Colleague: 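Sharing a structure, written as structure tokens. Questions coming.
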Amino acid sequence: MTARYDPSEAEPKWRAAWAEVDLFRALSHAEAGDRPKAYVLEMFPYPSGRLHMGHVRNYAMGDVVARYRRAKGYNVLHPMGWDAFGLPAENAAMERSVHPGEWTYKNIDAMRAQFQQLGLSLDWSREFATCDPEYYGAQQALFLKMLEKDLVYRKASKVNWDPVENTVLANEQVVDGKGWRSGAPVEQRELTQWFFKITAYAQDLLDAVKTLDRWPEKVRTMQANWIGRSEGLQMRFPFAGDTPEGFEDGIEIFTTRPDTLFGASFIALSPDHPLTIALAEESETLSAFRADCAKVGTSEEAIEKADKVGIDTGLRVAHPFIEGETLPVWTANFVLMGYGTGAIFACPAGDQRDLDFARKYDLPVKPVVLPADADADTFIIEGEAYVGPGTLYNSGFLDGLSTEDGIAAAINKIESMGLGERTVNFRLRDWGVSRQRYWGCPIPIVHCETCGAVPVPGDQLPVRLPEDVTFDAPGNPLDRHPSWKHVPCPVCEKDAVRETDTLDTFADSSWYFARFAGAEDLEERAYWLPVDQYVGGVEHAVLHLLYARFFTRAMRDIGELDLPSGEPFAGLFTQGMVTHETYRAEDGRWLQPTDVEHAGDSWIEIASGAPITVGGVEKMSKSKKNTVDPDSIVATYGADTARLFMLSDSPPERDVEWTQAGVEGAARFQQRVWSLYGASPSITEPETSNAAISIRKLSHKSAAAIEKSIEDFRFNAGVAALYEWVNGLKKMDAELSAIPGAAHEALSMLARCLTPFMPHLAESCWAQLGEAGFVSAAPWPEADPTLLQDDSVTLPIQVNGKRRSEITVPKSMDKADVEALALADETVVGFMDGAAPKKVIVVPGRIVNIVI
RNA sequence: GCGGGCGUGGCGAAAUUGGUAAACGCAGCGGACUUAAAAUCCGCCGACCGUAUAGGUCUUGCCGGUUCAAUUCCGGCCGCCCGCACCA
């Protein structure tokens with residue numbers, strides 16, 4: 001009998017052995033020659049300092065794919081690095097007087113050690129942190145090239161200001177009107193800042209979503225919605241009567257429903273519209289209204305509760321189609337400045353918001369779209385607007401047209417009148433990237449009074465962050481640094497100041513995968529990209545993934561990346577979270593899983609013996625203390641067990657619940673596998689006895705099933721197939737010694753199929769079996785197709801769709817013979833009760849159904 | 001409100017071209033081994049009727065449809081989760 005498998009002894013030994021020969025180093029294009037490449041990448045981690053179980057799951061999944069592809073003969077790139085800029089480092093600096101850089105690099109060291117314990121097949125030679133000057137210097141060069149190509153610009157604009165973090169946020173970082181990290185209500189401020197022109201690619205980013213057929217449907221939909229394309233008409237309404245100064249052209253609006261122009265009842269301006277602002281200077285009512293609107297949050301509840309309110313400006317505009325008719329101009333709180341032109345024409349009969357507003361202020365409601373099944377004489381609009389399609393009426397030259405034709409006709413008319421034109425509007429805004437923070441990539445610009453914003457010359461990059469900074473005052477340490485920002489202008493050499501804003505850290509993660517592929521080598525980048533399989537959390541469905549798609553396009557267009565499609569990630573998989581039960585003491589304190597135990601029928605806190613409440617299963621989080629520390633799991637059970645459990649039980653895209661019993665099950669499996677490798681059966685030709693054939697069939701079928709489960713990202717099914725295989729071999733344990741050839745083949749195949757899931761154990765088994773080299777470098781066992789087929793097959797026999805019996809027949813038996821056998825079956829005869837079958841369906845190899 | 005997804009035993013789940021529903025694991029029950037426990041091994045384990053290792057009936061959120069056959073396809077409900085949201 002073999003001794004128990006001791007992961008604490010075996011695992012470090014194998015990791016050291018892999019490292020010694022640099023087993024997982026990716027080959028360059030030249031070295032690899034004709035071998036196909038596979039770039040497998042997990043979203044790189046933020047170096048918080050501690051690994052959590054979510055990391056284990058994420059990287060275990062990527063490692064299964066990477067190891068499998070390597071076994072399949074691919075030249076695999078599976079790198080690791082650190083998304084190292086960001087706010088937590090500055091918070092640590094404030095709380096503990098430690099430099100953000102020092103804190104970050106210490107965390108990286110700690111997490112690298114933790115990662116290395118997991119036995120991931122990573123190429124560490126390409127490791128970098130985004131806070132390395134080599135990386136952010138290269139990023140600064142990209143920024144300047146993008147600036148040259150007009151993909152970066154600077155403008156004053158209203159920005160989302162997070163009052164807690166003292167910085168600007170991108171639109172994507174504002175959730176429910178609150179900062180995505182701080183949770184503080186976002187304020188509006190006017191600031192000059194830098195923008196990436198992501199809208200230049202809006203159409204392409206949208207179109208290409210359709211080509212991402214190895215992305216989850218959900219993520220594609222979210223991206224498409226975020227880009228938010230709508231076709232319509234941008235037009236102006238000239239003033240009738242008083243024309244305010246500076247608005248001689250009238251009021252510019254955007255609409256997707258120009259067919260309803262005859263139903264126009266009023267014009268509504270956003271409270272932040274330039275005309276509203278201009279008028280407010282003269283009107284106290286209006287400026288008070290504007291102030292009120294600014295106060296109301298944009299959270300879900302706020303929007304739902306907020307009444308539609310507005311103020312009549314007293315101005316009037318001319319209706320474009322109806323001679324002599326004028327429309328009042330209101331300022332209304334429901335019109336957004338951030339979409340379209342910040343002004344709309346309202347057709348209350350065809351839009352619920354317009355209708356609510358019209359009812360409140362007693363404005364006209366004129367129906368112009370008749371639903372297909374309605375009668376023009378009786379159709380009325382009361383509390384609900386009709387937003388669907390129909391036939392136009394009450395609409396002059398548009399009468400009788402369908403909604404679709406009416407839209408086209410109205411646009412043509414407006415265009416011929418010179419009042420506007422067909423346009424496409426996107427919800428996507430340009431990406432504001434200036435952040436008033438220290439721990440980020442400095443924007444490589446010098447501001448000169450004479451020359452303006454001047455790019456830092458290439459030979460002066462990187463613009464390094466100064467080390468001697470303080471965090472004892474609010475605001476940006478770069479801005480108050482005594483000397484750093486004072487530099488001569490690169491052009492005129494007069495005194496000038498550096499830009500003290502740094503780039504949004506999402507920029508850092510928008511191209512790191514290209515840097516892994518080739519630090520300076522564009523040919524290597526072209527070879528590796530796109531990433532073949534990307535794995536990460538669905539929380540990045542919009543932000544990171546959209547920004548990365550933008551960056552690869554921009555890099556392509558500035559000559560930094562030969563990637564015609566511009567798509568960085570050919571395959572994307574979004575994995576579910578790791579959850580755990582929650583525990584609460586009677587006084588409401590959250591308790592850690594290690595602080596509680598099951599006692600009889602109830603749960604108690606170990607320290608006090610007091611009863612506790614077991615709460616719901618939720619995402620592991622520090623605040624609810626329902627976390628499990630990967631280090632202690634690895635120490636207790638080994639990395640392989642932790643990996644296996646993270647991959648079993650639940651489909652990868654779904655959440656998985658961490659349970660003690662589940663981990664123990666995985667640990668048991670580890671010992672069961674090891675126990676198969678006691679004796680080392682000699683390498684001979686597989687035997688042909690029944691036992692040998694049965695073992696060979698089991699092995700080849702299992703290997704094929706595991707292969708398919710990995711290809712399809714269904715690791716839980718792969719783990720189940722491993723269990724079945726091992727259980728089957730255990731059952732035949734006694735017979736294995738009599739058939740050493742088949743046994744050796746089975747155990748060799750098993751070790752290789754085990755490798756992606758439990759690589760250390762697989763190496764130990766491989767060595768025990770007497771195989772040469774590393775199983776981590778061994779080829780995937782190709783299943784023999786002849787062994788996947790059975791000679792005979794057991795068919796269920798249904799009578800009227802209910803299973804009544806079964807027969808075992810040779811696989812090749814023809815349908816008529818199968819039918820005859822089925823009809824002769826004793827049980828079937830009993831159920832047929834003498835009746836003649838109306839119909840007999842024989843699906844070869846599947847089923848027989850007799851209809852009587 | 002709009003969009004997407006999900007709903008199967010006590011629990012996590014399988015059944016990925018419409019063809020034996022519940023593989024595999026967890027929990028549970030019974031047994032073997034042991035002075036004992038742990039570990040390990042063996043057996044049972046959807047519900048109901050039944051003494052049952054006989055047999056039968058029912059069962060994939062609910063109602064209906066297509067089909068010889070539906071967890072799978074179609075229509076309508078119900079519930080849960082996620083995303084977006086006064087986007088004109």
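Below, chains carry the letters A, B, ... as their sequence lines are ordered, and counting in each starts from 1. Worth saying up front: this structure is predicted, and the values here are computed from it rather than measured.
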Colleague: Is the base of C86(B) touched by the side chain of Lys308(A) through a donor-acceptor pair closer than 3.5 angstrom?
Modeller: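 Counting by modelled atom types and ignoring angles, a donor-acceptor contact under 3.5 Å is found here.
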Colleague: For A88(B), does OP1 or OP2 lie under 4.0 Å from any side-chain N or O of Tyr339(A)?
Modeller: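 Indeed, a polar side-chain atom of Tyr339(A) lies that close.
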Colleague: Between atom CZ of Phe645(A) and atom OH of Tyr637(A), what is the distance when rounded to the nearest 0.5 Å?
Modeller: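 It comes to 10.0 Å.
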Colleague: Give a yes/no on whether any side-chain N or O of Lys802(A) is located under 4.0 angstrom from OP1 or OP2 of C58(B).
Modeller: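 Answer is yes, contact under 4.0 Å.
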Colleague: Examine G5(B): is either OP1 or OP2 under 4.0 Å from a nitrogen or oxygen in the side chain of Lys218(A)? Give yes or no.
Modeller: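 Checking Lys218(A) against G5(B): no side-chain N or O falls below 4.0 Å of OP1 or OP2.
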Colleague: For C68(B), which nucleotide in any strand shown is its Watson-Crick or wobble partner with both distances under 3.5 Å?
Modeller: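 Pair assignment: C68(B) / G19(B).
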Colleague: Could you go through Val424(A) and Arg229(A), starting from their C-alpha distance and side-chain angles, then the distance that decides it, and tell me whether this counts as side-chain contact (heavy atoms from CB on, under 4.5 Å)?
Modeller: CA-CA 7 Å; Val424(A) 172; Arg229(A) 181 184 201 271; 3.4 Å; yes
Colleague: In whole Å, measure the gap between the P atoms of C62(B) and U72(B) for me.
Modeller: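 Taking atom P in both C62(B) and U72(B), they lie 11 Å apart.
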Colleague: Hey, is the side chain of Arg804(A) poking within less than 4.0 Å of OP1 or OP2 on U57(B), counting only N and O atoms?
Modeller: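 Yes, such a contact exists.
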Colleague: Using distance alone, with no hydrogens and no angle criterion, decide if Thr199(A) and Asp430(A) have a side-chain donor and acceptor under 3.5 Å apart.
Modeller: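 Asp430(A) and Thr199(A) do have a side-chain donor-acceptor pair below 3.5 Å.
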Colleague: Choosing from G19(B), A23(B), A39(B), which nucleotide comes nearest the side chain of Ala720(A)?
Modeller: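 Among the listed nucleotides, the one closest to the side chain of Ala720(A) is A23(B).
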Colleague: When we call it a touch if two heavy atoms are under 4.0 Å apart, what does Val851(A) touch: a base, just sugar-phosphate, or nothing?
Modeller: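 Touches sugar-phosphate only.
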Colleague: Give the rounded distance in Å between these two atoms: CG of Asp712(A) and P of U16(B).
Modeller: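 Between P of U16(B) and CG of Asp712(A): 12 Å.
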Colleague: Return the nucleotide paired to G83(B): Watson-Crick means purine N1 to pyrimidine N3 with N6-O4 or O6-N4, wobble means G-U with N1-O2 and O6-N3, both under 3.5 Å.
Modeller: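 Result: C2(B).
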Colleague: When both hydrogen-bonding distances must be under 3.5 Å and the geometry is Watson-Crick or G-U wobble, what is C24(B) paired with, if anything?
Modeller: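 For C24(B), the partner nucleotide comes out as G12(B), under the 3.5 Å rule.
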Colleague: What nucleotide, of G19(B), G3(B), G12(B), holds the atom closest to the side chain of Ser650(A)?
Modeller: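 Among the listed nucleotides, the one closest to the side chain of Ser650(A) is G12(B).
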Colleague: Drop me the distance from Trp658(A)'s CH2 to Met53(A)'s CE, to the nearest 0.5 angstrom.
Modeller: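 One finds 3.5 Å between CH2 of Trp658(A) and CE of Met53(A).
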Colleague: Expressed in angstrom and rounded to an integer, what is the separation of Asn333(A) atom CG from C86(B) atom P?
Modeller: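 My rounded result for the distance is 12 Å.
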Colleague: If we call it a pair only when both distances are under 3.5 Å in a Watson-Crick or G-U wobble match, what pairs with C77(B)?
Modeller: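 C77(B) is paired with G61(B).
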Colleague: Watson-Crick or G-U wobble partner for A54(B), using a 3.5 Å limit on both distances?
Modeller: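 Pairing partner, where one exists within any strand: none, as none qualifies.
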Colleague: Which is true for Val335(A) with a 4.0 Å heavy-atom rule: it touches a base, it touches only sugar-phosphate, or it touches nothing?
Modeller: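 Answer is base: heavy atoms of Val335(A) come under 4.0 Å of a base.
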Colleague: Take the angle between the ring planes of Tyr361(A) and Phe357(A) and call it parallel below 30°, perpendicular above 60°, tilted in between.
Modeller: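 Tilted, since the angle between the ring planes falls between 30° and 60°.
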Colleague: Rounded to whole angstrom, note down the C1' distance from C73(B) over to U17(B).
Modeller: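 These two C1' atoms come out 13 Å apart once rounded.
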Colleague: Name the closest nucleotide to the Glu724(A) side chain, picking from U20(B), C68(B), A23(B).
Modeller: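 The answer is A23(B), which lies nearest to the side chain.
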Colleague: Do you see a donor-acceptor pair shorter than 3.5 Å between the side chains of Arg672(A) and Asn727(A)?
Modeller: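 Note: Arg672(A) and Asn727(A) side chains meet the donor-acceptor criterion.
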Colleague: Distance check needed: C87(B) P versus Leu269(A) CG, whole Å only.
Modeller: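 So the CG-P distance, Leu269(A) to C87(B), works out to 17 Å.
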Colleague: Using OP1 and OP2 only, check whether a side-chain N or O of Arg668(A) sits under 4.0 Å from C26(B).
Modeller: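 Checking Arg668(A) against C26(B): at least one side-chain N or O falls below 4.0 Å of OP1 or OP2.
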Colleague: Of the listed nucleotides (A88(B), A14(B), G12(B)), which one gets closest to any side-chain atom of Leu336(A)?
Modeller: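 Closest nucleotide to the Leu336(A) side chain: A88(B).
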Colleague: Testing the 3.5 Å rule here: is there a donor-acceptor pair between the side chains of Asp655(A) and Thr579(A)?
Modeller: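 No pair is found: no donor N or O on one side chain lies under 3.5 Å from an acceptor on the other.
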Colleague: Quickly work out the Asp351(A) CG to C86(B) P distance and round it to whole Å.
Modeller: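 Computing the Asp351(A):CG to C86(B):P distance gives 13 Å.
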Colleague: Nearest to the side chain of Arg846(A), heavy atoms from C-beta on, is which of A23(B), G19(B), A88(B)?
Modeller: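 The listed nucleotide nearest to Arg846(A)'s side chain is G19(B).
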Colleague: Determine the contact category for Glu657(A): base if any of its heavy atoms lies under 4.0 Å from a base atom, sugar-phosphate if only primed atoms, P, OP1 or OP2 are that close, otherwise nothing.
Modeller: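 Nothing: the residue Glu657(A), judged by heavy atoms under 4.0 Å, touches no strand.
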Colleague: Which part of the nucleic acid, if any, lies within contact of Thr255(A), taking any heavy atom under 4.0 Å across all strands shown: a base, the sugar-phosphate backbone alone, or nothing?
Modeller: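 Answer is sugar-phosphate: Thr255(A) comes under 4.0 Å of backbone atoms only.
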Colleague: What integer distance in Å separates Gln660(A):CD from C11(B):C1'?
Modeller: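 Between C1' of C11(B) and CD of Gln660(A): 17 Å.
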Colleague: Within the 4.0 Å heavy-atom criterion, would you say Ala717(A) contacts the bases, only the backbone, or no part of the nucleic acid?
Modeller: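 Contact class for Ala717(A): none.
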Colleague: Figure out the CG/P separation between Leu327(A) and A88(B), and round it to whole Å.
Modeller: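 After rounding, the reported distance stands at 21 Å.
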Colleague: Once you round to the nearest 0.5 Å, how far does CG of Leu795(A) lie from NZ of Lys811(A)?
Modeller: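 Spacing of CG (Leu795(A)) from NZ (Lys811(A)) equals 9.5 Å.
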Colleague: Base, sugar-phosphate, or nothing for Phe831(A), non-hydrogen atoms under 4.0 angstrom?
Modeller: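 Sugar-phosphate contact only - Phe831(A) comes under 4.0 Å of backbone atoms but never of a base.
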Colleague: Of the listed nucleotides (A88(B), G19(B), U20(B)), which one gets closest to any side-chain atom of Val843(A)?
Modeller: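 Comparing A88(B), G19(B), U20(B) against the side chain of Val843(A), the answer is G19(B).
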Colleague: Any salt bridge between Arg220(A) and Glu217(A), counting N to O under 4.0 Å?
Modeller: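 Glu217(A) and Arg220(A): salt-bridged.
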Colleague: Please state the P separation for the pair A14(B) and U8(B) - nearest whole angstrom.
Modeller: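 11 Å, rounded to whole Å.
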Colleague: Determine: side-chain N/O of Arg427(A) to OP1/OP2 of A85(B), distance under 4.0 Å, yes or no.
Modeller: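 Indeed, a polar side-chain atom of Arg427(A) lies that close.
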Colleague: Would one find a side-chain N or O of Asn727(A) under 4.0 angstrom from OP1 or OP2 of G25(B)?
Modeller: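 Checking Asn727(A) against G25(B): at least one side-chain N or O falls below 4.0 Å of OP1 or OP2.
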Colleague: Could you tell me the Watson-Crick or G-U partner of G43(B), where both distances fall under 3.5 Å? Say none if there is no partner.
Modeller: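 Partner of G43(B): C29(B).
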Colleague: Can you tell me how far C1' in G61(B) sits from the matching atom in G56(B), rounded to whole Å?
Modeller: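 Straight-line distance between the two C1' atoms is 27 Å.
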Colleague: Please confirm whether the shortest side-chain N or O distance from Arg672(A) to OP1 or OP2 of C41(B) is below 4.0 Å.
Modeller: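 It does, given that an N or O in the side chain of Arg672(A) lies less than 4.0 Å from OP1 or OP2 of C41(B).
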Colleague: Nearest whole Å is fine: how far is G4(B) P from Trp226(A) CH2?
Modeller: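 Answer to the nearest Å: 18 Å.
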Colleague: According to the Watson-Crick and G-U wobble definitions, with both distances under 3.5 Å, which nucleotide is paired to A37(B)?
Modeller: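 Its partner: none found.
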Colleague: Mind checking if Asn800(A) touches a base, just sugar-phosphate, or nothing, with heavy atoms under 4.0 Å?
Modeller: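 Counting heavy atoms under 4.0 Å across all strands, no contact is made by Asn800(A).
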Colleague: Under 4.0 Å between a side-chain N/O of Asn225(A) and OP1 or OP2 of C2(B), yes or no?
Modeller: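 No, Asn225(A) has no side-chain N/O under 4.0 Å of OP1/OP2 on C2(B).
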Colleague: If I take atom CD1 in residue Ile253(A) and atom C1' in nucleotide A88(B), what distance separates them, rounded to the nearest angstrom?
Modeller: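 Going from CD1 in Ile253(A) over to C1' in A88(B) covers 8 Å.
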Colleague: Taking atom C1' in both C26(B) and C84(B), compute the distance separating them and give it to the nearest angstrom.
Modeller: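 Pairwise C1' distance, C26(B) against C84(B), rounds to 38 Å.
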Colleague: Does Thr659(A) reach a base, just sugar-phosphate, or nothing at all? Heavy atoms under 4.0 Å.
Modeller: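 It contacts nothing in the nucleic acid.
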Colleague: How would you label the contact of Gly665(A) with the nucleic acid (heavy atoms, under 4.0 Å): base, sugar-phosphate, or nothing?
Modeller: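 Since only primed, P, OP1 and OP2 atoms lie under 4.0 Å of Gly665(A), the category is sugar-phosphate.
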Colleague: Taking atom C1' in both A23(B) and U60(B), compute the distance separating them and give it to the nearest angstrom.
Modeller: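 The answer is 15 Å between these two C1' atoms.
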Colleague: Is the phosphate of C6(B) approached by Arg654(A) (side-chain N or O, under 4.0 Å from OP1 or OP2)?
Modeller: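 For C6(B), neither OP1 nor OP2 has a side-chain N or O of Arg654(A) closer than 4.0 Å.
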